[in-house]
Number of protein chains: 2
Amino acid sequence: MEPSGVVASARERVRDAVRGEIIVAARAQLATEGAGALSLRAVARELGMASSAVYRYFKSRDDLLTALIVEAYDSLGAEAEAAATLGQGSLEHWRNACRAVRRWALSRPTEYTLIYGSPVPGYQAPELTVAPASRVLFALAALLAEANDAGELVEDPSTVLPTSLDTEMRALADFAIPGVAPSIVAKALVAWNQLFGQISFEVFGQLHGLVQDTDAFFEFAIDAMGRFVGFRPA
Amino acid sequence: MEPSGVVASARERVRDAVRGEIIVAARAQLATEGAGALSLRAVARELGMASSAVYRYFKSRDDLLTALIVEAYDSLGAEAEAAATLGQGSLEHWRNACRAVRRWALSRPTEYTLIYGSPVPGYQAPELTVAPASRVLFALAALLAEANDAGELVEDPSTVLPTSLDTEMRALADFAIPGVAPSIVAKALVAWNQLFGQISFEVFGQLHGLVQDTDAFFEFAIDAMGRFVGFRPA
DNA sequence: CGCAAATGAGAGCAGTGCTCTTATAAAAGA
DNA sequence: TCTTTTATAAGAGCACTGCTCTCATTTGCG
């Protein structure tokens with residue numbers, strides 16, 4: 001009999017509870033041990049169950065990893081979405097969104113590593129991770145669209161795109177942020193890469209010895225990149 | 001007896017040869033299997049020797065990993081250094097250096113992942129990796145210094161730094177690129193993060209479905225960021 | 001030539017992901 | 001209520017991993 005979906009049977013509820021416990025334990029182990037060192041057996045030990053029992057809930061280690069990845073993407077996406085409407089003016093919205101992403105990354109570094117670091121060896125992200133993975137980008141796109149509607153996005157006429165890129169950016173704009181100029185879309189993508197590049201470098205320790213006041217440097221970067229994209233300062 | 005260093009004894013030469021063979025086999029396995037899946041036993045099998053014998057040459061798996069990392073850093077550094085003097089004008093030098101980094105990354109993705117992706121679980125980079133890791137950054141710094149000396153670097157007076165960042169960037173400039181304005185140093189670091197952020201996103205597949213013509217997009221980015229830093233177009 | 005050092009091979013330990021069979025508990029049907 | 005079906009748990013086992021030990025062999029140097 002197919003479960004009705006909304007109303008969960010007693011068995012289903014306890015099953016979901018166990019699933020949740022496994023995920024919690026796995027996340028704890030992830031935080032302490034690191035991404036690829038996530039061991040199903042260790043999680044099982046932690047929970048006092050046989051390793052084989054865990055396979056009733058996750059058919060493979062990658063399956064468990066996927067659950068963690070989806071959770072991380074969703075958590076980060078929610079933070080970014082919430083922050084993208086804070087403050088006054090588009091530039092401040094942009095900055096707050098960036099700050100939210102960084103704050104999340106620094107508070108949950110192993111999970112940031114999981115989703116924005118190198119792919120875990122042998123792991124292939126399944127289809128269902130695509131949607132949650134896009135949330136941050138969509139939040140930034142919405143930000144862009146609002147700024148454009150409010151007239152707070154100025155286009156630099158000296159920015160020229162080659163035709164191939166122009167048509168691509170135009171298509172991208174039509175899909176997600178109608179009305180925004182192709183050159184601004186391209187710049188926004190550049191800024192997006194900058195944002196995650198900088199956060200990754202900070203999380204992965206690549207800034208060590210170069211920059212001490214990472215807070216100030218980050219503020220400088222998001223301000224500069226915000227203006228680069230075309231946000232008009234309030 | 002300490003080996004004289006320059007002249008290698010017969011034993012030392014064959015030892016170095018075996019070491020080299022192991023590294024080659026390891027790199028091959030790295031390329032096919034991925035970063036964290038590098039197995040000492042597998043490379044031993046490949047070379048037809050017992051796994052325990054490999055431990056005569058590398059005292060741990062991390063030790064072998066370090067050798068690969070150093071080799072990768074040096075290879076990338078050499079490419080960047082060579083490219084940073086190609087072409088006419090600072091902006092073109094900058095662009096060629098960026099192109100070289102990207103070309104290297106795309107041609108050796110697993111090794112790029114090894115050095116710029118998430119740290120391998122449980123692996124702690126030893127001190128001796130610091131120097132080769134800095135080569136790319138130093139190449140870019142030299143580029144900046146030359147551009148500044150040639151008067152091809154213009155400072156945007158509207159760029160203001162907070163005092164803490166100003167002193168830091170000034171100290172950084174004094175150390176590596178004397179004469180370059182603090183605001184330009186900060187912008188160069190932003191551009192550096194952008195460069196590796198974009199390349200990482202491309203290598204890790206995060207650009208999939210967003211940008212098709214990654215070549216054109218990269219050209220746009222390095223041109224835009226080059227101007228952002230202050231390189232005067234030739 | 002002989003000796004000491006370097007090397008190779010093998011066994012073994014503790015760990016991993018994963019699969020299989022067997023036992024048990026719980027829900028569903030008669 | 002009793003039986004049957006189904007989900008879960010447990011354990012053994014396979015093939016693999018990094019790494020350490022011992023023991024035999026080779027090899028180069030004095």
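Labels below follow one simple rule: chain letters A, B, ... track the order of the sequence lines, proteins then strands, and each chain is numbered from 1. Below, all heavy atoms of this structure are taken into account, side chains as well, without hydrogens, waters or symmetry copies.
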Among D:dT17, D:dA9, C:dG17, the one nearest any side-chain atom of B:Ala42 is D:dT17
In whole angstrom, give the distance that lies between atom CG of B:Leu40 and atom P of D:dG18. 5 Å
Would you call B:Glu219 and B:Arg99 a salt bridge, using N to O less than 4.0 angstrom? yes
B:Glu12 CD to D:dT27 P: how many Å, rounded? 18 Å
Kindly say if A:Arg15 contacts the phosphate of D:dT8, meaning a side-chain N or O under 4.0 Å from OP1 or OP2. yes
In terms of the nearest nucleotide of DNA chain D, which residue is placed more toward the 5' end: A:Ala50 or B:Gln29? A:Ala50
Taking only side-chain N and O atoms of B:Ser51, does any of them lie within less than 4.0 angstrom of OP1 or OP2 on D:dT17? no
Taking the basic N atoms (NZ, or NE/NH1/NH2) and the acidic carboxylate oxygens, is any pair closer than 4.0 Å for B:Glu12 and B:Arg19? no
Any donor-acceptor pair, under 3.5 Å, between the side chain of A:Ser52 and the base of D:dA10, if you only look at N and O atoms? yes
Between P on C:dT7 and CD1 on B:Ile22, what's the gap in Å once rounded to a whole number? 11 Å
Rounded to the nearest Å, what distance is computed from the CE atom of residue B:Met49 to the P atom of nucleotide C:dG10? 13 Å
Nearest whole Å is fine: how far is C:dC18 P from A:Arg61 CZ? 7 Å
Relative to the 5' end of DNA chain D, which residue comes earlier, B:Val14 or A:Val14, by the nucleotide with the nearest heavy atom? A:Val14
How many whole angstroms separate atom CZ of B:Arg13 from atom C1' of D:dT27? 14 Å
Could you give me the CA-CA distance, side-chain angles and deciding distance for B:Gln198 and B:Glu202, then say whether side-chain hydrogen bond (donor to acceptor under 3.5 Å, both in side chains) is met? CA-CA 6 Å; B:Gln198 179 156 345; B:Glu202 184 173 0; 5.6 Å; no
Measure the distance from CG on B:Leu65 to P on D:dT17 and round it to the nearest whole Å. 16 Å
Nearest listed nucleotide, side chain of A:Tyr55, among D:dA9, D:dC23, C:dC18: C:dC18
Does C:dT16 have OP1 or OP2 sitting under 4.0 Å from an N or O in the side chain of A:Arg45? yes
Check the distance between C:dT19's P and A:Phe58's CZ and give it to me in whole angstrom. 16 Å
Just call it for A:Leu38: base, sugar-phosphate, or nothing, with non-hydrogen atoms closer than 4.0 Å on any strand. sugar-phosphate
Does a side-chain N or O from A:Tyr57 land closer than 4.0 Å to OP1 or OP2 of D:dA9, or not? yes
Nearest 0.5 Å, what's the CZ-OG distance between B:Arg61 and B:Ser39? 8.5 Å
Is any NZ, NE, NH1 or NH2 atom of the basic residue among A:Arg102 and A:Glu79 found under 4.0 Å from an Asp or Glu carboxylate oxygen of the other? no
Distance criterion of 3.5 Å, no angle test: do you see the side chain of A:Arg41 paired donor-to-acceptor with the base of C:dG17? yes
